[in-house]
Q: 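To start, I am sharing the structure in question, which I have written as structure tokens.
We're numbering straight along the sequence, starting at 1.
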Amino acid sequence: MVIERIFISPEHGAPQVECERITVQAGLGPIGDRNFGVTLHPGQNLTLVEAEEIERFFAQHGQAPDLSVTRRNLVTRGVRLNDLVHTEFVIGNVKLRGVELCEPCSIMGNNMRTESLTPAVIIKHWVSRGGLRVDVLTTGEIVRGAHLQTDA
């Protein structure tokens, strides 16, 4: 259960920037990300997605995988994120709480569209596979390669 990739996007609609490490602030999210401090509803601090789900999607459609395409902050490997809803867990020295599934939206569908894949098909595929929204409970640093640990 490892953090394979880390991404932030400094501005709404801007390309994601891959990072080796990010600092996250309790209740606010990753410093430097477009959603830092946005607290309209629980689970907006940070988003996670499974590398295996991204790779499965691209394999099913005969394309090379792009781990940044979902626009989630953290790409994990070796953990079923759906199991972490309503669960506290730790990445590095940061304590987090899984709030809800990060369901696909029209932005994700449009970003992943191709001549043969419509946004509707993409969104349908990603329902219940789009990752996890979390609240950041403690301030700290998340580093690429850090392990995700649960008590379960």
Q: Count I, L, V, M, F, W, Y as connected when their side-chain heavy atoms are under 4.5 Å apart, and connections chain through other members. Are Leu137 and Ile91 then in the same cluster?
A: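 No, separate clusters.
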Q: Identify each donor-acceptor pair in which a side-chain atom of residues 43-52 lies under 3.5 Å from a protein atom, sequence neighbours left out, and give them as a table.
A:
| residue | atom | partner | partner atom | Å |
| --- | --- | --- | --- | --- |
| Gln44 | OE1 | Leu40 | N | 2.8 |
| Gln44 | OE1 | His41 | N | 3.1 |
| Asn45 | OD1 | Val136 | N | 2.9 |
| Asn45 | ND2 | Gly27 | O | 3.2 |
| Thr47 | OG1 | Asn73 | N | 3.0 |
| Thr47 | OG1 | Asn73 | OD1 | 3.2 |
| Glu50 | OE1 | Arg80 | NH1 | 3.2 |
| Glu50 | OE2 | Arg80 | NH1 | 2.9 |
| Glu50 | OE2 | Leu81 | N | 2.9 |
| Glu52 | OE2 | Gly78 | N | 2.8 |

Q: Roughly how far, to the nearest 0.5 Å, is CD of Glu20 from CZ of Arg5?
A: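 Going from the CZ atom of Arg5 to the CD atom of Glu20 covers 9.5 Å.
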Q: Under the side-chain contact (heavy atoms from CB on, under 4.5 Å) test, which residues partner Ser9, sequence neighbours left out?
A: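 Per chain and number, Ser9 pairs via side-chain contact (heavy atoms from CB on, under 4.5 Å) with Ala14, Gln16, Asp33, Arg34, Arg71.
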Q: Is it true that Met1 and Val94 fall in one hydrophobic cluster, defined by side-chain heavy atoms closer than 4.5 Å?
A: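 In one cluster: yes.
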Q: For a 4.5 angstrom cut-off between non-hydrogen side-chain atoms, does Val90 reach Thr138?
A: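 Result no, sub-4.5 Å side-chain heavy-atom pair not found.
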Q: Is there a side-chain contact between Glu88 and Arg97, using heavy atoms and a 4.5 Å cut-off?
A: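 Yes, at least one pair of side-chain atoms sits under 4.5 Å.
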Q: As a quick check of understanding, evaluate side chain to side chain contact (heavy atoms under 4.5 Å, CB included) for Leu148 and Leu84, giving each step before the final call.
A: CA-CA 11 Å; Leu148 187 152; Leu84 298 180; 4.0 Å; yes
Q: Side-chain heavy atoms under 4.5 angstrom apart, residues restricted to Ile, Leu, Val, Met, Phe, Trp, Tyr: same cluster for Met112 and Leu117?
A: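 Yes; Leu117 is reachable from Met112 via cluster members.
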Q: With a cut-off of 3.5 Å and sequence neighbours excluded, list every side-chain donor-acceptor pair involving residues 100-108.
A:
| residue | atom | partner | partner atom | Å |
| --- | --- | --- | --- | --- |
| Glu103 | OE1 | Ser128 | N | 2.7 |

Q: Would you check if Leu132 and Val85 make a side-chain contact, meaning some heavy-atom pair closer than 4.5 Å?
A: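 Touching, per the 4.5 Å side-chain cut-off.
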Q: Can you tell if the side chain of Thr114 reaches within under 4.5 Å of the side chain of Gln63, non-hydrogen atoms only?
A: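 SC-SC contact between Thr114 and Gln63 confirmed.
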Q: Are Ile122 and Val75 linked, directly or through intermediate hydrophobic residues, by side-chain heavy-atom contacts shorter than 4.5 Å (ILVMFWY only)?
A: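 Shared cluster, yes.
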Q: What heavy-atom pair brings Leu67 and Phe7 nearest, and what distance separates the two atoms?
A: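 Smallest interatomic distance, heavy atoms only, reads O-CE1, 3.7 Å.
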Q: From Ile3 CD1 over to Thr76 OG1, what is the distance, rounded to the nearest 0.5 angstrom?
A: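 OG1 of Thr76 is found 6.0 Å from CD1 of Ile3.
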Q: Tell me if the CD atom of Glu11 is crowded by more than 12 foreign heavy atoms within 6.0 Å.
A: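 No, CD of Glu11 has 12 or fewer neighbouring heavy atoms, counting only those of other groups under 6.0 Å.
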Q: What's the separation between atom CD1 in Ile142 and atom CG in Leu96, rounded to the nearest 0.5 Å?
A: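 Answer for the CD1-CG pair, Ile142 versus Leu96, is 5.5 Å.
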Q: With a cutoff of under 4.5 Å between side-chain heavy atoms, which Ile, Leu, Val, Met, Phe, Trp and Tyr residues group with Phe36?
A: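 Listed partners: Leu28, Ile31.
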Q: Is a donor on one side and an acceptor on the other found under 3.5 Å between the side chain of Asn111 and the backbone of Val69?
A: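 No.
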Q: Tell me whether the rings of Trp126 and Phe57 are parallel (<30°), tilted (30 to 60°) or perpendicular (>60°).
A: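 Ring orientation of Trp126 relative to Phe57: tilted.
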Q: Taking side chain to side chain donor-acceptor pair (under 3.5 Å) as the test, write out the residues that go with Glu4, two or more places apart.
A: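 Glu4: side chain to side chain donor-acceptor pair (under 3.5 Å) contacts with Arg77.
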Q: Report the C-alpha distance between Val99 and Val134 in whole Å, list the side-chain angles of each, state the deciding distance to 0.1 Å, and finish with yes or no for side chain to side chain contact (heavy atoms under 4.5 Å, CB included).
A: CA-CA 5 Å; Val99 174; Val134 304; 5.5 Å; no
Q: To the nearest 0.5 angstrom, please state how far the CG atom of Asn93 sits from the OG1 atom of Thr139.
A: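 Going from the CG atom of Asn93 to the OG1 atom of Thr139 covers 9.5 Å.
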Q: With side chains defined as the heavy atoms from C-beta onward, is the minimum distance between Thr23 and Glu141 less than 4.5 Å?
A: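 Yes, side chains in contact.
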Q: On a heavy-atom basis, which atom in Pro119 and which in Asn110 lie closest, and how many Å separate them?
A: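 Smallest heavy-atom distance, with atoms named: CG-OD1, 3.2 Å.
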Q: What pair of heavy atoms forms the shortest contact from Ala146 to Gly92, and how long is it?
A: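 Between these two residues, the closest heavy atoms are CB-N, 4.1 Å.
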Q: Sort and list the pairs that fulfil ring-ring contact (aromatic ring centres under 6.0 Å, His included) and have at least one residue in residues 62-106, not counting sequence neighbours.
A: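 As it turns out, there is no ring-ring contact (aromatic ring centres under 6.0 Å, His included) pair with a partner in residues 62-106 once direct neighbours are skipped.
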